[in-house]
Amino acid sequence: MHQGNSTTRRATGPRAARLIGAAVLAGVLATTVSGCSFLRGPDGLPAPSRSAASDDGSATPDADPSASAEARRIAESASPRTPTPVPTEAAAPDPTVSPIPVGTVMSEADVVSPKGSVRFHYRVVVGDDGYPTVQWSSFASTLPVPVGATFLETPPSVGDGLSWHGVGDTRLGGGPGAAAPAATDMDPGRVDPSWLGAVVVYSAAESAGPDLPVELGPDKVLAVQPVRWSVPARTTNVHPVDGGARPNATGTTSDDGSADGSPTAYRIASEDLIGAVADRLGLSVKDLVWLNPDVTVYGDQQYLYEDTVLNLDPFRR
């Protein structure tokens, strides 16, 4: 007697093979995507990933040990932390740099715009907290817009538009608005501002009205004057020297701004460890953390995040 088909049929033969192959391919793709390397700076940390494990929590052996290690690093990189001091460095001296005496005048000058429409005096002096402050005085302007001033590393030209308001940015006055503050903090956390090359005067107009000349529009540069710095000589016991690439310290150094050719920066490479990098540079881990208070690591071996740039200049920490 003929019997009806059941409501669920099991795929057999070629069709079953195709279905199984598709499922395997999907699993491979998912594993590949989740296993991509995200071991760069902490701005884009990956979510932790785990190796396959049995239901009772015991680890399942990996066929490829290197793949297992990479997966573990990816998981660890999701948890940045402050570096742990190396026990063998306990006897190493603390890193130091001599301070600049309070009250030291580091720069002082009169500033006058090319047409004489803006003028003022500035004075950069070390405050009671050991950090530089810029003091403003004798401001005068005949312009119909408020005027600002700031310090920049690379000076623009008169007529340019500011894309960055630099260090010590201050609205000095002129036009409608409140009077300028008597003083402005320069660069919080930095003792030496001598990397800044010019004081820049610009229009602080809030908008470009139909009656406002283009050269007085918002952020238009009105005057540029080089800054002459007078910074007392300082001493330090931190002296980085590049001993050359080695395992877990294969990044690159640069000596930009160095007077004697010593390295001033280090760009971290993949699989760099903070201990190996410190050893390459003739420093302790304690020195590197002092030079870079915000540096983070991950994993028990203290991996550094790839492409992060470490400061090596003790006078610009």
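Quantities reported herein were computed from a predicted structural model and do not represent experimental measurements.
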side-chain contact (heavy atoms from CB on, under 4.5 Å) evaluation trace for V147 with L143: CA-CA 8 Å; V147 173; L143 298 178; 4.3 Å; yes
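- Counting heavy atoms from C-beta outward, V199 and V111 have side chains that approach closer than 4.5 Å.
- Residues A205 and L216 come closest through the heavy atom pair CB-O, 4.0 Å.
- With contacts defined as side-chain heavy-atom distances shorter than 4.5 Å, the pair P314/W290 qualifies.
- Residues Y305 and P80 have side chains in contact (heavy-atom distance under 4.5 Å, counting atoms from C-beta outward).
- Side-chain atoms of V285 and E89, non-hydrogen and from C-beta on, do get closer than 4.5 Å to each other.
- Counting heavy atoms from C-beta on, the side chains of L222 and V200 never come closer than 4.5 Å.
- Between the side chains of Y266 and D272, a donor-acceptor pair is found at a separation under 3.5 Å.
- V145 has its side chain within reach of L212: a pair of non-hydrogen atoms, C-beta onward, lies under 4.5 Å apart.
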Start with the C-alpha gap between V238 and V97, add the side-chain angles, then the distance that decides, and say whether side-chain contact (heavy atoms from CB on, under 4.5 Å) holds. CA-CA 8 Å; V238 177; V97 63; over 6 Å; no
If you apply the rule side-chain contact (heavy atoms from CB on, under 4.5 Å), what do you find for L304 with V295, and how did you get there? CA-CA 8 Å; L304 291 159; V295 69; 3.8 Å; yes
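- Under 4.0 Å is where a charged nitrogen must lie from a carboxylate oxygen, and between R280 and D242 at least one such pair does.
- Using a 4.5 Å heavy-atom threshold, the side chains of L310 and L291 count as separate.
- Between L196 and W229, the shortest heavy-atom contact is O-NE1, 2.7 Å.
- For T150 (side chain) and H165 (main-chain N/O), a donor-acceptor pair under 3.5 Å exists by modelled atom type.
- Taking OG of S79 as the reference point, atom OH of Y298 lies at 11.5 Å (rounded to 0.5 Å).
- The two residues A198 and V224 make their nearest non-hydrogen contact at CB-CG1, 4.0 Å.
- In terms of modelled atom types and a separation under 3.5 Å, the side chain of R267 and the main chain of D307 share a donor-acceptor contact.
- When the side-chain hydrogen bond (donor to acceptor under 3.5 Å, both in side chains) test is applied to D185, no partner is found at least two apart in sequence or on another chain.
- R81 places a side-chain N or O within donor-acceptor distance of the main-chain N or O of G299, the cut-off being under 3.5 Å.
- In the model, H121 has a side-chain atom that pairs as donor or acceptor with a side-chain atom of E108 under 3.5 Å.
- In summary, the aromatic rings of F139 and Y122 are positioned with their centroids too far apart to meet the 6.0 Å limit.
- One finds no salt bridge joining K220 and D160 here, because no Lys/Arg side-chain nitrogen approaches an Asp/Glu carboxylate oxygen to under 4.0 Å.
- Counting only distance, with no hydrogens or angles, the side chain of D279 and the backbone of A276 share no donor-acceptor pair below 3.5 Å.
- Between A149 and F120, the closest heavy-atom pair is CB-CZ, 4.1 Å.
- The line from OG1 of T142 to NZ of K115 is 10.5 Å long, rounded to the nearest 0.5 Å.
- Judged by the 6.0 Å distance and 45° axis criteria, R234 is not positioned over the aromatic ring of F315.
- V231 and M186 fall within a single hydrophobic cluster, where Ile, Leu, Val, Met, Phe, Trp and Tyr side chains are chained together by heavy-atom contacts under 4.5 Å.
- In the model, T184 has a side-chain atom that pairs as donor or acceptor with a side-chain atom of T170 under 3.5 Å.
- Summarising the geometry, atom CD belonging to Q302 is positioned 11.0 Å from atom OG1 belonging to T296; distances are rounded to the nearest 0.5 Å.
- The cluster map of Ile, Leu, Val, Met, Phe, Trp and Tyr, joined by side-chain heavy atoms under 4.5 Å apart, puts V125 and F151 in different clusters.
- The distance from atom CG of L273 to atom CZ of R246, rounded to the nearest 0.5 Å, is 12.5 Å.
- Salt bridge annotation for E271-R73: present, with a cationic side-chain nitrogen under 4.0 angstrom from a carboxylate oxygen.
- Both the sub-6.0 Å distance and the 45° axial angle are satisfied by R190 relative to the ring of W195.
- With a 6.0 Å radius and a threshold of 12 heavy atoms from other residues, nucleotides or ligands, D129 has its CG atom above the threshold.
- Taking OG of S270 as the start and CG of N248 as the end, the distance is 9.5 Å to the nearest 0.5 Å.
- In this structure a side-chain-to-backbone donor-acceptor pair under 3.5 Å is present from S107 to R228.
- With hydrogens and angles ignored, the 3.5 Å screen pairs a side-chain donor or acceptor of S98 with a backbone N or O of T235.
- Hydrophobic clustering, with ILVMFWY side chains joined whenever heavy atoms are under 4.5 angstrom apart, groups V201 together with W164.
- Counting only heavy atoms from C-beta outward, the side chains of D192 and Y131 never approach each other to under 4.5 Å.
- The main-chain N or O of M106 is never found under 3.5 Å from a side-chain atom of T104 such that the two would form a donor-acceptor pair.
- At distances below 3.5 Å, not a single donor-acceptor pair connects side-chain atoms of D287 with backbone N or O atoms of L283.
- Side chain to side chain, D255 and T253 fail the donor-acceptor criterion of an N or O pair below 3.5 Å.
- Pairing each heavy atom of A109 with each of Q225, the nearest pair is CB-NE2, 3.8 Å.
- Counting heavy atoms of neighbouring residues, nucleotides and ligands inside a 6.0 Å radius, atom CD of E215 exceeds 12 of them.
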So I268 and V277, side-chain contact (heavy atoms from CB on, under 4.5 Å) or not? Walk me through it. CA-CA 9 Å; I268 296 164; V277 171; 5.7 Å; no
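- Checking side-chain atoms of N237 against main-chain N and O of D94 turns up a donor-acceptor pair under 3.5 Å.
- Closest approach of A223 and V158 over heavy atoms only: CA-CG2, 4.0 Å.
- Within the model, atoms CZ of R317 and CG of L312 stand 13.0 Å from one another, a figure rounded to the nearest 0.5 Å.
- With hydrogens and angles disregarded, a donor-acceptor distance shorter than 3.5 Å links the side chain of T264 to the backbone of D256.
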